[in-house]
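When reading the values below, keep in mind they use all heavy atoms of this one structure, side chains included, and skip hydrogens, waters and symmetry mates. In what follows, chains are A, B, ... by sequence order, proteins preceding strands, each numbered from 1.
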Amino acid sequence: VAALREATDPTQRQDYKFILLSSFSVKETRRFSESLFDSVAMSHKVQQNSNEVLGASLVDEISTVGDASSRYKTRGSYQKKFKSLFEKDVSFKLYATSKGINIEDLSIGEENERAALIRKIIWPVFIREEFLFAPDFGALRKSSRRIRTAHQISDIYTGAASLFAICEGNPRQIIGLMGPILRAYGADQLASSRPVRRSLQKQLVQKMISAYFALVSTVPIGDQLSQARSLVDVISLIGNYFKDTVLGEEFDPDPVASFVIDAGVPPPIMEMVGKGINIGAFIVEDVTKSNTPYTLGEIVGLKARLSNIFAPHFRLPLAGGRTINLSTILSRDSKRSQPLLELFGLKI
Amino acid sequence: MIVSGGTRSFSTMDKEKYDLFIYGLGFETRSTKIASYLKSDSKIFALKMPEILIHSYISNVKFANTRQHRVVTDFRTFCSETLVKLFGRRSSTRMRIGFDISSINRIMLVEVLMQLARLCGEEDQIEVFYCPAAYQEPDWQFPQIEKVGPINFTFSTIDTDASKPLCLLCGAGFEAGITMGMINQLEPRTTYCFWGTGVDTKYDRAVRRANFNFNFEGFNTKAIAYNIKDPKGAFSQIESVVYGLIRDYRVILVPLGPKLFTFLAALIGMTYLGDVAIWRIQYNRLNPPDSLPSSNFIQSILDTALLKEFPLRESAILNSFKTDSVLATTS
């Protein structure tokens with residue numbers, strides 16, 4: 001029977017080609033997003049490109065090789081961030097010291113060396129620097145460590161490349177986000193040619209995240225577990241786990257940013273993750289490139305990450321990182337969170 | 001469909017007598033407010049809501065028992081037998097029927113209205129009451145949706161053209177993000193967000209906030225305010241929009257927000273039976289808030305002559321389906 005079924009079932013690559021509608025890689029979405037932006041900009045009679053309208057972003061800066069060395073030099077923008085974190089985060093100080101990072105001048109050394117040691121940790125350094133307060137009394141004690149609780153989206157999620165990464169190439173989100181930005185840019189264009197102010201970008205990103213959470217909460221659920229009663233809960237569990245690896249007690253140069261949907265995941269959560277994949281809350285790896293043919297609907301064993309749209313909310317890097325099993329994330333004893341209050345706490 | 005409507009104070013209900021009065025018996029404090037003013041010789045039915053022992057549930061049940069209201073635990077039998085018998089044994093030529101929709105769930109609200117339309121006579125008077133809740137700050141959590149779909153078979157656009165684009169008419173309330181989520185989920189060609197005003201400015205602000213100030217960027221939406229205190233005007237307003245839409249769209253009414261919108265949606269569904277769907281969003285809240293009665297309530301008197309057209313439309317549609325199935329079998 002199995003042989004007969006195999007003979008009649010269509011086979012991936014031979015009988016059909018699997019087209020993944022989401023992209024695991026930030027870079028892959030960029031070209032599409034740029035083109036769509038240009039098209040939307042044309043309709044708003046804006047001729048400038050996305051970098052001119054939205055400004056530069058951390059994503060772009062990190063991926064720029066060679067010509068950005070000034071940022072690493074003494075008093076360069078990156079050096080200042082590294083030094084600031086070095087002074088307020090004991091665990092980072094220990095890490096930097098153990099790796100021999102010259103905190104006063106990051107430009108010393110070869111480009112390859114810098115890529116392996118410095119550029120690799122820019123995202124966790126920037127996020128920690130942004131959200132960790134300086135210790136009280138100037139004492140570098142762990143007990144005095146505090147995390148900033150302000151609700152506002154950080155500047156590191158603004159600028160062209162960051163916004164495109166957050167939108168994940170979703171046309172509706174790009175159009176929805178860029179419409180007001182281009183209107184504001186068009187209105188200001190006569191006065192100046194500066195990019196749209198970051199505060200407006202952050203406000204619109206916040207609104208987009210709220211709208212996306214609203215979409216996620218409309219996904220009907222089946223059986224519930226006490227640890228996760230909804231898709232929003234599952235996303236919060238995963239997002240908070242990732243956040244703790246970035247903003248945890250110990251500096252982690254390679255924080256967790258993705259997970260494998262392993263067989264140990266309880267069926268109700270497996271179902272919610274499946275629904276999350278369907279609406280784009282989780283982005284799965286490109287299964288078309290795997291050695292074994294992919295069976296539609298089979299998600300066990302797939303590698304996935306949270307959509308970048310959640311990154312500003314959970315304070316996550318817009319970059320890859322370590323992968324762990326989803327069951328490990330779920331097994332963590334965490335209080336059931338109520339993550340959304342702050343989304344409506346702001347005046348909108 | 002609504003002859004007249006407006007606000008009334010509770011004291012004016014003091015001497016009112018009804019041949020039939022129906023209300024929902026739940027945990028909300030407002031649940032028994034209007035019923036508490038009725039004359040004791042009225043025939044009063046309390047439709048028991050699911051037993052959630054919070055807020056005023058126990059005292060409301062005690063109240064209903066003390067006043068010897070008929071507490072209905074089997075809703076199906078109530079609709080299919082009790083109401084049928086009541087109308088069959090009518091003692092007066094003109095029945096006066098009161099229906100308090102304040103604390104009743106949306107499915108029951110629609111089912112009772114449909115059954116009243118089927119059973120009433122043109123000479124009867126049907127009065128629908130809605131007691132708005134006094135404003136309480138929402139918790140601003142996104143409620144988790146459990147079920148989404150047509151409220152029942154009758155209101156499922158069974159007779160519309162599926163190739164037409166979709167149009168949503170949402171009755172927006174202060175449930176955080178639900179309207180946005182539904183628009184995002186269903187991606188309609190166009191959406192009208194009706195939101196009730198006129199009761200409390202704090203409520204108005206909360207509705208705007210829960211609905212992103214009605215600025216649903218990326219979607220074709222239009223927000224329209226209606227006056228909760230003027231049900232007749234609100235009905236005309238919504239009905240005229242629906243009238244203009246049904247030729248080109250599949251229209252789905254999604255009642256959230258005040259129960260009054262569900263009532264108006266049901267009347268519109270009855271008027272455009274088969275062409276307009278009414279959907280129900282069932283969502284879960286860990287700690288549902290109490291609804292305290294505000295200082296007065298809203299009354300709507302229905303046009304029973306127009307209401308009587310509903311059962312005619314209903315049987316015509318059902319018969320057309322039977323005819324279709326016979327044709328399909330014979331061909």
Novice: I'd like to know if the side chain of A/Thr158 pairs up with that of A/Arg198 as donor and acceptor (distance under 3.5 Å, no hydrogens or angles considered).
Specialist: yes
Novice: When you check the side-chain N and O atoms of A/Thr29 and A/Glu168, is any donor under 3.5 Å from an acceptor?
Specialist: no
Novice: What option among A/Met178, A/Arg183, A/Gln173 has the most heavy-atom pairs under 4.5 Å with chain B?
Specialist: A/Arg183
Novice: If the condition is side chain to side chain donor-acceptor pair (under 3.5 Å), which residues does B/Gln282 pass it with, not counting sequence neighbours?
Specialist: B/Glu146, B/Arg280
Novice: What do the steps show when you test B/Ser102 against B/Arg30 for side chain to side chain donor-acceptor pair (under 3.5 Å), and what is the final call?
Specialist: CA-CA 7 Å; B/Ser102 312; B/Arg30 68 174 169 176; 5.2 Å; no
Novice: Heavy atom to heavy atom, less than 4.5 Å: which residues from residues 182-200 of chain B reach chain A?
Specialist: B/Met182, B/Asn184, B/Gln185, B/Glu187
Novice: Would you check if A/Arg305 and A/Phe259 make a side-chain contact, meaning some heavy-atom pair closer than 4.5 Å?
Specialist: no
Novice: Using heavy-atom distances under 4.5 Å, tell me whether A/Leu231 contacts chain B through its side chain, its backbone, both, or neither.
Specialist: backbone
Novice: Under the 6.0 Å and 45° cation-pi test, does B/Arg209 pair with B/Trp140?
Specialist: yes
Novice: Examine A/Arg30 relative to A/Phe164 and say whether NZ or CZ is less than 6.0 Å from the centre of the six-membered ring and inside a 45° cone about the ring axis.
Specialist: no
